[in-house]
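Shown next, in structure tokens, is the structure this report addresses.
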Protein chains: 2
Amino acid sequence: MQEERADAARNRKAILEAADDLFATSDSPSEVSMDDIARAAGVGKGTLFRRFGDRRNLIQQVYAVRLAPLREQIESGPPPLGPDTPPRERVSAIIDAIAVVKLDNAHLMLALEEGSGPTNGLHKSPDYVAVHGLLRDLVASKFGKSRASWIAHSLLANIRADLLGHLVKGEGMSHSDIRLSLRDFVAHTLDY
Amino acid sequence: MQEERADAARNRKAILEAADDLFATSDSPSEVSMDDIARAAGVGKGTLFRRFGDRRNLIQQVYAVRLAPLREQIESGPPPLGPDTPPRERVSAIIDAIAVVKLDNAHLMLALEEGSGPTNGLHKSPDYVAVHGLLRDLVASKFGKSRASWIAHSLLANIRADLLGHLVKGEGMSHSDIRLSLRDFVAHTLDY
DNA sequence: TGACAATCGGACCATCGGTCCGTATTCTGA
DNA sequence: TCAGAATACGGACCGATGGTCCGATTGTCA
């Protein structure tokens with residue numbers, strides 16, 4: 001892999017920032033077109049697509065930036081998110097942390113989960129697979145292996161972006177209401 | 001409201017059938033265009049859109065037809081789905097029945113939930129609201145009122161079309177595997 | 001049967017994601 | 001420092017899609 005040219009790097013950054021900003025300030029992610037992003041970034045459309053391939057990938061990159069801190073915390077941070085945490089607490093902390101990120105970045109997360117498209121696949125995305133796998137392993141000792149997988153899916157289903165968005169905008173729940181209810185639910189799911 | 005003209009009625013039926021068939025036989029709902037449906041129904045595009053307004057509504061109508069039997073069972077059928085059923089069992093039966101419908105009509109259900117679009121809203125669709133409300137009321141006596149709402153969302157989150165689709169196609173679970181796991185989960189959620 | 005209203009149908013439109021290629025910029029190494 | 005190769009740029013362009021419009025057609029009712 002060659003070194004990235006200076007203008008290329010500059011443009012990549014500009015695109016990422018423009019996209020992040022546009023998604024964050026628009027009502028619905030689908031209202032943000034690739035042309036919009038290119039224009040906002042002061043870049044040609046060709047550049048945008050050469051860098052990121054397609055819309056889905058661009059969204060994922062933006063998402064990855066926002067998610068990096070959490071990912072790092074989980075992979076190698078201190079308790080309660082890091083590896084040196086008893087499974088039960090760690091699962092709870094991870095679910096809560098993901099919920100917080102999604103609540104704080106509702107727009108982006110919606111864009112990602114909405115990405116659907118033909119060859120759909122929230123459940124096939126690397127991020128989902130990774131966190132599902134982690135959760136599954138964490139609860140596997142307590143529940144059976146197959147049950148563990150189900151439980152992991154179930155926990156994640158409760159913090160899908162559109163559901164959280166509905167709870168906030170449609171039912172007027174506050175972020176802390178949601179986190180509290182979620183905590184109860186997780187506790188009830190994990191503790192016999 | 002005037003009587004519907006004969007040709008109008010005929011065309012509505014043709015469109016509904018064509019759409020149902022196309023969604024059922026295509027891999028991904030988004031591969032089925034409105035032109036495809038119009039052509040398959042032997043009808044002009046204008047007719048299609050005058051009858052159904054937009055894509056989302058058409059899909060919902062098709063969905064409504066498929067769902068009618070279940071809806072009727074729940075509203076006025078015999079136990080375990082109908083009103084003369086103890087809440088606990090009724091909830092369980094309803095969740096199972098919905099799961100079965102979704103598993104049997106994966107394509108259509110995907111089309112519906114994917115419908116997303118700008119003014120998104122699985123959680124705002126009449127069907128979701130109705131079933132959520134029913135479940136909420138059914139569990140309200142046992143749990144608090146606000147917890148009841150959360151639990152209803154949670155139960156429904158576990159039987160979302162894309163999740164079920166992933167379990168089948170991505171993890172190779174059989175329909176009965178899924179129903180069994182789901183039964184366990186519902187039981188665990190509802191029984192202390 | 002005639003005449004009016006409702007319906008039909010497909011050409012047409014705007015927009016979107018994505019591609020292409022002539023031009024401009026950056027890098028290299030002598 | 002500079003020339004030439006390599007790479008990136010950008011916007012015109014493309015095919016497809018959801019949705020609209022309006023002259024032609026068909027059903028209805030007296």
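Letters A, B, ... mirror the listed sequences (proteins, then strands); counts begin at 1. All heavy atoms count here, side chains included; hydrogens, waters and symmetry mates do not.
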Rounded to whole angstroms, how far apart are [atom1] on [X] and [atom2] on [N]?
X      : N       : atom1 : atom2 : result
R51(B) : dT20(D) : CZ    : C1'   : 16 Å
L48(A) : dC16(C) : CG    : P     : 14 Å
L58(A) : dC16(C) : CG    : P     : 15 Å
F49(B) : dC22(D) : CZ    : C1'   : 17 Å

Need one value for R12(B): base, sugar-phosphate or nothing, where a base atom within 4.0 Å counts as base even if backbone is also close, heavy atoms only.
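Counting heavy atoms under 4.0 Å across all strands, no contact is made by R12(B).
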Strictly under 4.0 angstrom, non-hydrogen atoms only: write out the protein contact profile of nucleotides 11-17 of chain D, one letter per nucleotide from the 5' end, B, S or -.
B------
Sugar-phosphate atoms are those with a prime plus P, OP1 and OP2; base atoms are the rest. Using that split, label each nucleotide of nucleotides 25-30 of chain D B, S or - for protein heavy atoms under 4.0 Å, 5' to 3'.
-BSS--
Do V100(B) and L70(B) share a hydrophobic cluster, counting only Ile, Leu, Val, Met, Phe, Trp and Tyr and linking them when any side-chain heavy atoms are less than 4.5 Å apart?
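No, V100(B) does not connect to L70(B) through the hydrophobic network.
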Could you state whether I74(A) and L67(A) fall into the same hydrophobic cluster, counting links through intermediate Ile, Leu, Val, Met, Phe, Trp or Tyr residues with side-chain heavy atoms under 4.5 angstrom apart?
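Looking at the clustering, L67(A) is in the same group as I74(A).
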Donor-acceptor contact below 3.5 Å, side chain K102(A) vs main chain R160(A):
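No, the answer is negative, given that no donor and acceptor are paired below the 3.5 Å cut-off.
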Would you confirm whether N57(B), through its side chain, and G53(B), through its main-chain N or O, come within 3.5 Å as a donor-acceptor pair?
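Between the backbone of G53(B) and the side chain of N57(B) there is no qualifying donor-acceptor contact (under 3.5 Å).
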Please determine whether a side-chain nitrogen of the Lys or Arg among D96(A) and R179(A) lies less than 4.0 Å from a carboxylate oxygen of the Asp or Glu.
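Here D96(A) pairs with R179(A) in a salt bridge, since their nearest N and O are under 4.0 Å apart.
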Please determine if a side-chain N or O atom of N11(A) lies less than 4.0 Å away from the OP1 or OP2 oxygen of dA8(D).
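For dA8(D), OP1/OP2 do not have a side-chain N/O of N11(A) under 4.0 Å.
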Ring centroids only, cut at 6.0 angstrom: are H153(B) and Y128(B) within range, meaning strictly under it?
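For H153(B) and Y128(B), the ring centres are under 6.0 Å apart.
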Rounded to the nearest 0.5 Å, how far apart are CZ of R55(A) and CD1 of I59(A)?
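Atom-to-atom, R55(A):CZ and I59(A):CD1 are 4.5 Å apart.
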Verify the neighbour count for atom CD of E171(A): are there more than 12 heavy atoms of other residues, nucleotides or ligands below 6.0 Å?
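For E171(A), atom CD is crowded (more than 12 foreign heavy atoms under 6.0 Å).
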